[in-house]
Amino acid sequence: MYESDALISKAQKEFRTYFKEEPAFVVRCPGRVNLIGEHTDYNDGFVLPIALPFSTVIAASPSSSDLVSAHSEGFGPAQFSLSEAPQKSVGWSRYLHGMGAFLRRSGIAVRGWNGYICSDIPAGANLSSSAALEMAAGMTFKTIAEADIPLMEIAAIGKAVENELMGVRSGIMDQLACAFAEAGSALLIDCQSLNLTLVELPKSVSVVVMDTGTRRDLSETAYNDRRETCERVSASLGAASLRELSLEDLASLGSVDEIGLRRARHVITENQRVLDLVKCLEGNALELTGEILNASHESLRNDYEVSGPALDKIVEIAQNVTGCYGARMTGGGFAGSAIALVDTSHVERFCEEVSDSFEVPAGQPAEAPTELYAVEASAGISVL
Ligand code: GLA
């Protein structure tokens with residue numbers, strides 16, 4: 001992991017070597033980790049992410065044409081013309097091309113650029129490395145076009161890139177977290193009204209991100225399948241989204257739609273847990289905060305069925321270590337990362353104990369090393 005300043009200097013230096021000129025500016029966009037409110041965003045619900053100290057950085061300067069030439073430290077070179085359809089770009093550069101094409105679609109006079117990209121957000125760990133790339137690219141296009149585009153609109157375009165070009169019917173949480181989070185606070189997002197509220201985190205607790213090293217591509221059908229089930233249930237009960245329903249409303253589903261009942265029950269109880277957790281953080285009721293996190297994990301595992309063997313295992317270990325208030329899987333699920341809320345004075349010992357006890361379960365091989373990070377809630381996107 002780099003310090004953010006070191007990551008920026010590296011991108012600037014590599015830019016000079018690669019493009020033989022000075023970068024005009026640098027965009028830095030953090031990844032995010034969600035404290036609670038999982039699989040609620042696309043159901044018009046509540047989420048509570050923080051931005052991470054890890055980020056994606058683009059050092060860039062305008063080019064004289066429609067051509068974007070980007071070089072990623074991790075993924076190599078890419079080139080595309082904004083006059084071509086974004087479907088022509090494959091792999092990571094489709095995020096960039098998609099942002100340019102969809103900004104143009106909404107009437108922004110985007111132009112080409114040269115850019116060098118560095119990132120220290122672990123990829124595929126459910127820490128929003130793709131949303132950070134989308135937002136950083138969006139901000140690069142905006143800066144070069146000198147256009148007046150609200151950050152909210154860039155976030156919506158990032159979501160459209162996921163939905164229309166990457167085949168994931170994800171919600172708006174990741175892009176909004178990367179864009180609007182602030183240091184020291186979590187960001188309460190009402191995904192129906194798009195109201196944003198900062199919730200200060202107590203100093204006595206630390207968020208520990210536990211990356212199991214297991215990976216799973218979100219575009220695999222399970223994510224979209226969950227969303228379809230939620231839409232089916234709300235439509236069958238005459239509601240625009242699960243946000244409008246209460247547990248009592250689900251009674252009629254009974255044994256007719258057992259899966260639908262469990263999926264909807266997760267979403268409805270999870271929305272309440274987000275609001276309860278916010279109250280607990282504000283009142284410094286940390287024991288209760290931990291219980292809510294644990295209940296969220298149970299609901300995701302049993303009702304929503306998006307946990308996995310590695311996530312269950314690391315969460316169970318964490319929950320039993322001294323100083324841990326609570327733990328749960330985070331993000332889309334199945335693999336990747338979990339989080340724990342830990343008493344700050346116990347963090348070092350906590351990380352050691354979890355690392356010593358955790359081994360990836362047989363049957364779910366890791367693609368990266370297991371890593372534990374005690375993270376500070378960090379600031380959202382910026383242009384330097
Ligand atoms: C992924 C999606 C988000 C959200 C989470 C689950 O991170 O990108 O929109 O749905 O999964 O909470």
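Every number for a ligand or one of its atoms is a count from 1 in the order of the listing.
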- [ ] Could you label the plane-to-plane angle of the Y116 and Y18 rings as parallel, tilted or perpendicular, counting under 30° as parallel and over 60° as perpendicular?
- [x]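 If you compare the ring of Y116 with that of Y18, the planes turn out perpendicular.
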Task: Pick from G37, A177, G332, A131: the one approaching atom 11 (O) of ligand 1 most closely through a non-hydrogen atom - done: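 Among G37, A177, G332, A131, the closest heavy atom to atom 11 (O) of ligand 1 belongs to G332.
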Task: Within 45° cone and under 6.0 Å: R265 NZ/CZ vs Y304 ring - done: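 Here R265 fails the 6.0 Å and 45° test against Y304.
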Min N/O separation [X] to ligand 1 under 3.5 Å:
X: G331; value: no
X: D41; value: yes
X: T40; value: no

For ligand 1, which atoms, with element, lie under 4.0 Å from some heavy atom of [X]?
X: S170; value: 2 (C), 8 (O), 9 (O)
X: E38; value: 6 (C), 12 (O)
X: R32; value: 7 (O)
X: M173; value: 4 (C), 5 (C), 12 (O)

Open item on the list: Tell me whether Q319 contacts the main-chain N or O of G326 through its side chain, where contact means a donor paired with an acceptor under 3.5 Å.
Closed with: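 Answer holds: no.
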TODO: Not counting sequence neighbours, which residues clear ring pair (Phe, Tyr, Trp, His ring centres under 6.0 Å) with Y95? List them please.
DONE: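 Per chain and number, Y95 pairs via ring pair (Phe, Tyr, Trp, His ring centres under 6.0 Å) with no residue.
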- [ ] Inspect the contact between E305 and R226 and indicate whether a charged nitrogen and a carboxylate oxygen are less than 4.0 angstrom apart.
- [x]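 Here R226 does not pair with E305 in a salt bridge, since their nearest N and O are not under 4.0 Å apart.
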- [ ] Report yes if the distance between the aromatic ring centroids of Y223 and H39 is under 6.0 Å, otherwise no.
- [x]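 Ring-ring flag for Y223/H39: true, centres closer than 6.0 Å.
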